[in-house]
Amino acid sequence: RLSNTFNDAAAKFQLANAKTQEGVLKGKLADMQKTYDDWCANHPTPVRMREVNGDEIPMPTPRRPNPYQDRLDEARNNLQQADATINKLQLLT
């Protein structure tokens, strides 16, 4: 019985820590998303034109690679892992 009480208290403590960590990671993700979006806003895709039957029309142009993409993906992955940890701990409590 004592070990059940101890295990329950430990799980609740871990859950509280995981929720705190999740809050920190949500803030980091929001900051990284803003950095990513700011870079996109400041580096628009260039417009290329082509002539078709005497008219100039815009050509499809691939987007420029965003140097913050990897960090944004990492922040999303970290938050998903934190969410998964919280879900597991909630099952224990």
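Starting from 1, each residue takes its place in the sequence as its number. Below, all heavy atoms of this structure are taken into account, side chains as well, without hydrogens, waters or symmetry copies.
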*Could you give me the CA-CA distance, side-chain angles and deciding distance for Thr35 and Leu72, then say whether side-chain contact (heavy atoms from CB on, under 4.5 Å) is met?*
CA-CA 9 Å; Thr35 301; Leu72 180 62; over 6 Å; no

*Closest approach of Val47 and Pro58, non-hydrogen atoms and distance?*
CG1-CB, 4.2 Å

*Return the minimal non-hydrogen interatomic distance between Pro62 and Arg48, and the atom names on each side.*
CD-NH2, 4.5 Å

Rounded to the nearest 0.5 Å, how far does [atom2] of [Y] lie from [atom1] of [X]?
{"X": "Asp70", "Y": "Met32", "atom1": "CG", "atom2": "CE", "result": "10.5 Å"}
{"X": "Glu74", "Y": "Lys28", "atom1": "CD", "atom2": "NZ", "result": "9.5 Å"}
{"X": "Met49", "Y": "Ile57", "atom1": "CE", "atom2": "CD1", "result": "8.0 Å"}
{"X": "His43", "Y": "Thr45", "atom1": "NE2", "atom2": "OG1", "result": "11.5 Å"}
{"X": "Arg76", "Y": "Gln33", "atom1": "CZ", "atom2": "CD", "result": "5.0 Å"}
{"X": "Gln69", "Y": "Trp39", "atom1": "CD", "atom2": "CH2", "result": "10.5 Å"}

Should [X] and [Y] be regarded as members of a common hydrophobic cluster, given that ILVMFWY residues are connected when their side-chain heavy atoms come within less than 4.5 Å of each other, either directly or indirectly?
{"X": "Tyr36", "Y": "Leu25", "value": "yes"}
{"X": "Leu79", "Y": "Leu15", "value": "no"}
{"X": "Phe13", "Y": "Val24", "value": "no"}

*asked:* Which residues pass the side chain to side chain contact (heavy atoms under 4.5 Å, CB included) test with Lys88, not counting sequence neighbours?
replied: none

*Which pairs, with at least one residue in residues 77-87 and sequence neighbours excluded, count as a side-chain hydrogen bond (donor to acceptor under 3.5 Å, both in side chains)?*
none

_Test your reading of the model: is there a side-chain donor-acceptor pair from Arg50 to the backbone of Glu56, 3.5 Å cut-off?_
no

*Among Asp31, Asp38, Asp37, which one satisfies salt bridge (Lys or Arg N to Asp or Glu O under 4.0 Å) with Lys34?*
Asp38

